[in-house]
Amino acid sequence: MSLLDIAKKRYSVRKYSDQPIEREKLDQILEIAHVAPTAANKQPVRLLVVQSKSELNRIGKAANIYGAPTAIVVCADRSEAWTRPFDGMVTTSIDASILTDHMMLQATELGLGSVWICYFNPEILKEELQLPPEWEPVNILALGYAADMPADPNRHESQRISFEKLVTFR
């Protein structure tokens with residue numbers, strides 16, 4: 001399957017089956033995160049893989065993870081990230097987003113569903129998971145087998161801005 005086909009197939013899953021993710025598939029998802037690029041190759045992102053019911057319930061106090069059997073809390077350490085010297089912009093959110101996107105696409109290729117969660121209370125999440133103070137939670141990636149019908153991979157043709165309006169060549 002081409003990368004474009006995988007991207008078209010991927011959709012936000014908000015209802016998961018109870019089937020756990022096989023270790024081999026989870027390892028592949030984590031491996032693609034490991035090889036994802038970060039600014040200046042600083043690798044400031046930390047992943048917390050949560051699969052136990054009790055820990056998933058702790059995450060549930062801060063965010064809706066839609067019953068996913070696995071959640072990856074994507075955190076960044078600002079002290080390890082690259083900072084743009086011209087304006088002081090720290091790349092933690094960008095780096096974490098690149099890893100998350102790679103993991104979502106890998107999950108799709110493996111037949112798993114995902115949803116990228118940014119709507120969460122970071123203070124509750126830090127407290128419930130006892131995150132180190134230097135770890136800034138950026139997003140949560142919920143993963144598992146979808147319990148609903150997949151989205152039409154051709155939905156982008158009618159639901160997105162046209163390519164001609166999106167891109168300008170000079």
Side-chain angles (χ1 to χ4, degrees), residues 1-13 21 23-52 55-56 58-66 68 70-110 112-144 156 160-161 163 165-170:
M1 189 176 335
S2 75
L3 181 58
L4 181 57
D5 291 336
I6 294 167
K8 285 181 177 181
K9 186 176 178 184
R10 197 232 152 248
Y11 68 101
S12 294
V13 174
I21 297 174
R23 182 60 195 227
E24 302 79 34
K25 289 185 177 183
L26 183 57
D27 286 346
Q28 287 181 346
I29 292 166
L30 296 174
E31 178 66 17
I32 202 156
H34 178 71
V35 301
T38 59
N41 199 31
K42 293 280 192 172
Q43 302 292 315
V45 181
R46 303 293 177 263
L47 305 176
L48 179 61
V49 180
V50 179
Q51 294 184 298
S52 76
E55 293 295 306
L56 291 168
R58 288 178 167 282
I59 293 173
K61 293 179 182 179
N64 182 354
I65 59 169
Y66 305 98
T70 299
I72 299 177
V73 180
V74 182
C75 300
D77 184 339
R78 291 179 67 83
S79 69
E80 294 184 17
W82 183 75
T83 301
R84 186 167 53 202
F86 306 104
D87 61 358
M89 194 250 332
V90 181
T91 60
T92 51
S93 293
I94 296 168
D95 292 337
S97 295
I98 293 168
L99 266 73
T100 304
D101 189 60
H102 277 53
M103 290 189 294
M104 284 191 319
L105 293 173
Q106 181 67 62
T108 300
E109 183 182 44
L110 296 171
L112 297 169
S114 65
V115 65
W116 179 321
I117 302 165
C118 282
Y119 187 84
F120 65 90
N121 185 318
E123 293 308 315
I124 292 174
L125 191 63
K126 288 178 191 179
E127 181 180 320
E128 287 296 325
L129 298 179
Q130 299 175 352
L131 297 177
E134 64 274 10
W135 287 22
E136 169 193 345
V138 178
N139 61 60
I140 303 166
L141 182 62
L143 295 167
H156 305 286
R160 300 277 191 242
I161 189 169
F163 185 75
K165 287 185 177 179
L166 179 67
V167 178
T168 302
F169 291 98
R170 292 182 181 212

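Computed from a predicted model, the values in this text were never measured in an experiment.
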For [X] and [Y], work out which heavy atoms get closest and say how close.
{"X": "Phe120", "Y": "Ala63", "value": "CB-CB, 3.4 Å"}
{"X": "Ala68", "Y": "Ala142", "value": "CB-CB, 3.7 Å"}
{"X": "Ala71", "Y": "Ile65", "value": "CB-CD1, 4.5 Å"}
{"X": "Leu143", "Y": "Ala107", "value": "CD2-CB, 3.7 Å"}
{"X": "Ile6", "Y": "Thr108", "value": "O-CG2, 3.7 Å"}
{"X": "Thr70", "Y": "Leu56", "value": "C-CD2, 4.4 Å"}

Report yes if the side chains of [X] and [Y] come closer than 4.5 Å at any heavy-atom pair, otherwise no.
{"X": "Arg46", "Y": "Leu48", "result": "no"}
{"X": "Ile32", "Y": "Leu105", "result": "no"}
{"X": "Arg10", "Y": "Ser114", "result": "yes"}
{"X": "Thr38", "Y": "Leu99", "result": "yes"}
{"X": "Leu47", "Y": "Val74", "result": "yes"}

Looking at [atom1] of [X] and [atom2] of [Y], how far apart are the two atoms once the value is rounded to the nearest 0.5 Å?
{"X": "Glu136", "Y": "Lys126", "atom1": "CD", "atom2": "NZ", "result": "7.0 Å"}
{"X": "Lys61", "Y": "Leu129", "atom1": "NZ", "atom2": "CG", "result": "10.0 Å"}
{"X": "Gln130", "Y": "Arg58", "atom1": "CD", "atom2": "CZ", "result": "6.0 Å"}
{"X": "Lys42", "Y": "Ser79", "atom1": "NZ", "atom2": "OG", "result": "10.0 Å"}
{"X": "Leu110", "Y": "Met103", "atom1": "CG", "atom2": "CE", "result": "13.0 Å"}
{"X": "Leu3", "Y": "Glu109", "atom1": "CG", "atom2": "CD", "result": "9.0 Å"}

(request) Name all pairs fulfilling the salt bridge (Lys or Arg N to Asp or Glu O under 4.0 Å) condition that reach into residues 85-105, sequence neighbours left out, sorted by first residue then second. (result) Arg84-Asp87
(request) Answer yes or no: are there more than 12 heavy-atom neighbours, outside Lys9 itself, under 6.0 Å from its atom NZ? (result) no
(message) I'd like to know if the side chain of His102 and the backbone of Ile98 have a donor-acceptor N/O pair within less than 3.5 Å.
(response) yes
(request) Keeping the roles fixed (side chain from Ser52, backbone from Glu55), state whether a donor-acceptor pair exists under 3.5 Å. (result) yes
(request) Establish, from distance only, whether the side-chain atoms of Glu31 and Gln28 form a donor-acceptor pair under 3.5 Å. (result) no
(message) Test side-chain contact (heavy atoms from CB on, under 4.5 Å) on Leu125 and Ile140; report intermediate values, then the result.
(response) CA-CA 10 Å; Leu125 191 63; Ile140 303 166; 4.0 Å; yes
(request) Just do the side-chain contact (heavy atoms from CB on, under 4.5 Å) check on Ile117 and Asn64 with the steps written out, would you? (result) CA-CA 8 Å; Ile117 302 165; Asn64 182 354; over 6 Å; no
(message) Name the residue from Ile72, Ile21, Ile29 that meets the side chain to side chain contact (heavy atoms under 4.5 Å, CB included) definition with Val49.
(response) Ile72
